[in-house]
Amino acid sequence: MYENWKILKTEADEKADEYSQVAEWCNENGQYTIEDDGTYYKVVEIVIPEPIPPTDEEIRKMRERAYAAEVDGITAHIQRLRDTSPMTAEVETEIAELIAERDTKVAEIRERYPYNEEGK
């Protein structure tokens, strides 16, 4: 409706009602704003930049934190079970289940925090 609207700044006082209508439209619409370019007040589209993807180093740190929070406890539990003496079939089964759980967690973390294509 007002996408191409503009007025000279020198006319702002006499066109205050129009300016208010345009400002209200911009606020309701959410995609436009009024900008002062020095000579005019004009409607411009709000451009939201694309998010910057994390660097491979940032991804490495995110993975490191996720491994510490989600995988290290499982690994420690596996190690404690391996220290069990005597090793029973039940303990061996539990270790195998924990290893499978850990492998699943590692795969989930890698999927959640993939490295950049161009970096690998």
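For this chain, numbers begin at 1 and follow the sequence in order. We use all heavy atoms of the structure for the numbers below, so side chains are in, but hydrogens, waters and symmetry mates are not.
Sorted by first and then second residue, the side-chain hydrogen bond (donor to acceptor under 3.5 Å, both in side chains) pairs involving residues 20-34 (not counting sequence neighbours) form an empty list. Among residues at least two apart or in separate chains, ring pair (Phe, Tyr, Trp, His ring centres under 6.0 Å) pairs with a member in residues 34-56 are Y19-Y41.
Once rounded to the nearest 0.5 Å, the distance linking CD of E108 with CG of D103 reads 11.0 Å. One finds the CZ atom of R82 at 11.0 Å from the OG1 atom of T84 (value rounded to the nearest 0.5 Å). Annotation: the span from E101 atom CD to E70 atom CD amounts to 10.5 Å, rounded to 0.5 Å. The distance from atom CD of E90 to atom CD1 of I95, rounded to the nearest 0.5 Å, is 11.5 Å.
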Which is it for V106 and R110 under the side chain to side chain contact (heavy atoms under 4.5 Å, CB included) test, yes or no, and what are the steps along the way? CA-CA 6 Å; V106 168; R110 288 179 177 164; 3.7 Å; yes
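Between I34 and C26, the shortest heavy-atom distance links the atoms CG1-SG, 4.1 Å. Closest approach of A66 and R112 over heavy atoms only: CB-NH1, 4.2 Å.
Side chain of R63 to backbone of Y113: a donor-acceptor contact under 3.5 angstrom is found. No donor-acceptor distance shorter than 3.5 angstrom exists from the side chain of N116 to the backbone of T55, with no hydrogens or angles considered.
Annotation: D37, atom CG; neighbour count of heavy atoms from other residues, nucleotides and ligands within 6.0 Å is above 12. Sparse packing is recorded around CD of E111, with 12 or fewer heavy atoms of other residues, nucleotides or ligands lying under 6.0 Å away. Residue L8 places its CG atom among more than 12 non-hydrogen atoms of other residues, nucleotides or ligands, all under 6.0 Å distant.
Residues satisfying the side-chain hydrogen bond (donor to acceptor under 3.5 Å, both in side chains) test with K15, not counting sequence neighbours, are E11. Not counting sequence neighbours, the partners of D83 by the side-chain hydrogen bond (donor to acceptor under 3.5 Å, both in side chains) test are Q79. Remark: K9 pairs with D36 by the side-chain hydrogen bond (donor to acceptor under 3.5 Å, both in side chains) rule, at least two apart or across chains. In terms of the side-chain hydrogen bond (donor to acceptor under 3.5 Å, both in side chains) criterion, E3 has no residue partners (sequence neighbours excluded).
Side-chain heavy atoms closer than 4.5 Å link hydrophobic residues (I, L, V, M, F, W, Y) into clusters, and following such links, possibly through other members, connects V71 to M62. Two different hydrophobic clusters hold V22 and V44 under the rule that ILVMFWY side chains link at heavy-atom gaps under 4.5 Å. I74 and I109 fall into different hydrophobic clusters, where Ile, Leu, Val, Met, Phe, Trp and Tyr side chains are chained together by heavy-atom contacts under 4.5 Å.
Between I7 and E18, the closest side-chain pair of non-hydrogen atoms falls below 4.5 Å. At a threshold of 4.5 Å between non-hydrogen side-chain atoms, the residues E58 and K61 do not count as touching. Inter-residue side-chain proximity for K105 and Y67 is flagged as unmet; no heavy-atom pair is nearer than 4.5 Å. Within the 4.5 Å cutoff, no side-chain heavy atoms of I78 are placed close to those of L81.
Electrostatic pairing of K6 and E35 does not count as a salt bridge here, judged by no charged N lying under 4.0 Å from a carboxylate O.
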